[in-house]
Q: 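First the structure, then my questions, so here it is.
One-based numbering, in listed order, for ligands and for the atoms of each. Keep in mind the model is a prediction, meaning the values are calculated, not measured.
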Amino acid sequence: MDSALVYAAIAVAVILTLAISVVALRRRGGAQAIEPAASAALTAETREVETSAIVLELEVPEPAAGRLHRLRTRLARSNSAIGQGLLALLSRDTIDTATWDEIEETLLLADLGVGPTNEIIERLRTALRVEGGARSADAVKEALREALLALVDPGMNRELVTAAPNRPAVVMIVGVNGTGKTTTTGKLARLLVAEGRSVVLGAADTFRAAAAEQLQTWGDRVGAVVVRGPEGGDPAAVAFDAVSAGVRDGADTVVIDTAGRLHTKTGLMDELDKVKRVIEKQSQVDEVLLVLDATTGQNGLVQARVFAESVNVTGIVLTKLDGTARGGIVIAVQRELGVPVKLVGLGEGPDDLAPFDPVEFVDALVAG
Ligand code: GDP
């Protein structure tokens with residue numbers, strides 16, 4: 001009788017232990033399954049991910065679609081000289097040589113560059129000649145819109161490659177310090193998470209003390225894994241580890257922030273080249289995005305040329321377009337490199353990075 005009771009007690013203890021283990025395993029599994037694809041579908045402002053010890057509040061970033069539309073007033077405000085200024089000049093009763101000179105000056109001040117400025121003036125002259133003396137305000141606006149649009153070139157392929165079959169897509173972010181590289185890397189992670197992608201960030205700017213910390217904060221906010229190395233360590237090693245982590249975790253996209261010290265041109269370029277070669281031991285590099293500060297004008301173009309000579313730039317990110325009247329840089333830099341502007345930064349807010357859309361851009365300029 002006694003031994004039966006003992007057996008029963010042992011059986012109950014075993015069953016209880018098993019049940020507790022199963023619950024614990026399920027919980028741990030649940031905490032690991034941070035699925036951005038599923039999270040992106042949630043509409044709540046934040047969602048909670050339970051881990052064994054802490055509760056992380058992840059933000060749900062704004063969807064990519066419609067961002068440029070939301071931010072268009074920032075573009076229009078700082079670029080009113082292009083839109084409203086040109087429309088006023090073109091609407092004068094007679095457009096004489098002095099007026100054409102003013103039009104030229106306005107375009108040059110907006111950083112369009114000499115070639116594109118001449119081209120736009122030629123297009124406007126032709127369009128307005130066809131219109132004749134009785135130019136309506138609408139016709140003038142349409143002529144300007146068409147001339148600008150032709151130069152921004154809607155035909156360029158602006159697709160961002162952020163997914164690849166059977167491996168993570170790899171995106172390298174390059175550019176000079178201060179242009180907004182780390183911020184752009186963080187904002188891009190949000191954009192990708194909003195699109196349902198799982199993201200690994202590589203903090204390969206090991207020279208700027210705060211860069212890795214900054215990136216960690218961006219990553220933590222949306223649940224992107226951040227791979228870091230020791231301060232002053234080898235950037236290529238961090239990039240390598242980030243891609244390894246992406247492969248191991250089955251991530252969709254690995255985004256690598258790189259260093260941009262301009263100590264010597266050759267030093268920086270050799271370093272970037274090395275980072276790229278080391279990544280390529282594991283994976284193809286799908287995008288090399290060059291970050292340029294739109295407020296730096298001609299200086300930005302010089303930087304663009306230097307980078308393009310050394311790395312195969314696949315797209316341009318123009319930052320700080322909210323703080324400049326030089327929106328013409330979009331046209332100038334595309335002409336200079338033959339590479340499309342793919343993203344634009346229009347503010348310091350976390351979701352103030354938008355996929356570039358030529359029609360939306362020109363409409364914002366012309367609407368003023
Ligand atoms: P990095 O040295 O190239 O990594 O530059 P950071 O990412 O640290 O950015 C430098 C500064 O530019 C920061 O204060 C950013 O907030 C700011 N910044 C970046 N992008 C934009 C933008 O699109 N608009 C504005 N207004 N500021 C920006």
Side-chain angles (χ1 to χ4, degrees), residues 61-62 64 67-79 111 171-191 201-222 224 226 228-229 231-232 235 238-239 242 255-263 267-269 271-272 275 288-297 299-300 302-304 306-307 311 313 315-327 329-330 333 341-357 360-361 364:
E62 228 181 76
R67 283 196 185 193
L68 194 54
H69 191 77
R70 169 176 66 83
L71 297 165
R72 63 189 296 179
T73 47
R74 296 196 192 163
L75 251 179
R77 211 181 305 138
S78 43
N79 285 284
D111 267 347
V171 179
M172 269 176 79
I173 308 287
V174 304
V176 170
N177 274 355
T179 51
K181 248 178 321 94
T182 305
T183 311
T184 297
T185 308
K187 287 178 178 173
L188 180 58
R190 296 178 68 91
L191 199 74
L201 298 176
D205 184 355
T206 55
F207 294 97
R208 193 160 65 82
E213 202 53 51
Q214 214 176 310
L215 207 59
Q216 184 78 56
T217 307
W218 281 102
D220 288 347
R221 289 170 70 175
V222 288
V226 181
R228 302 166 60 164
E231 203 180 309
V238 178
V255 187
I256 312 277
D257 184 21
T258 63
R261 299 164 306 154
L262 260 188
H263 55 315
L268 174 59
M269 296 309 152
E271 195 172 278
L272 280 180
V275 169
V288 179
L289 298 179
L290 172 64
V291 179
L292 292 177
D293 176 341
T295 64
T296 58
N299 215 342
V302 174
Q303 286 169 21
V306 171
F307 276 90
V311 277
V313 176
I316 297 154
V317 184
L318 266 184
T319 57
K320 311 185 197 179
L321 261 180
D322 52 312
T324 180
R326 294 160 149 180
I329 191 83
V330 168
V333 74
V341 171
K342 292 190 172 176
L343 295 164
V344 284
L346 284 159
E348 296 197 73
D351 290 329
D352 290 348
L353 179 77
F356 182 73
D357 174 349
E360 195 73 64
F361 175 75

Q: Just jot down the salt bridge (charged side-chain N to carboxylate O under 4.0 Å, His left out) partners of Glu213, sequence neighbours excluded, or say none.
A: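 Arg228.
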Q: Got a sec, which residues hit salt bridge (charged side-chain N to carboxylate O under 4.0 Å, His left out) with Arg190, two or more places apart in sequence or on another chain?
A: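 Only Glu59, Asp351 meet the salt bridge (charged side-chain N to carboxylate O under 4.0 Å, His left out) criterion with Arg190.
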Q: Side chains of Phe307 and Leu268: closer than 4.5 Å at any heavy-atom pair?
A: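 Answer yes - side chains close enough.
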Q: Name the residues with a heavy atom less than 4.0 Å from ligand 1?
A: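 Residues within 4.0 Å of ligand 1: Val176, Asn177, Gly178, Thr179, Gly180, Lys181, Thr182, Thr183, Lys187, Arg208, Gln214, Thr319, Lys320, Asp322, Gly345, Leu346, Gly347, Glu348.
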Q: Taking NZ, NE, NH1 and NH2 as the nitrogens, is one of them in Arg326 or Asp111 under 4.0 Å from a carboxylate oxygen of the other?
A: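 Yes, this pair counts.
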Q: Which of these passes side chain to side chain donor-acceptor pair (under 3.5 Å) with Arg208: Asp257, Thr182, Asn177?
A: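 With Arg208 as partner, Asp257, Thr182, Asn177 yield a single side chain to side chain donor-acceptor pair (under 3.5 Å), made by Thr182.
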Q: Could you tell me which residues satisfy ring pair (Phe, Tyr, Trp, His ring centres under 6.0 Å) with Phe207, sequence neighbours excluded, listed by chain and number?
A: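 Result, ring pair (Phe, Tyr, Trp, His ring centres under 6.0 Å) vs Phe207: none returned.
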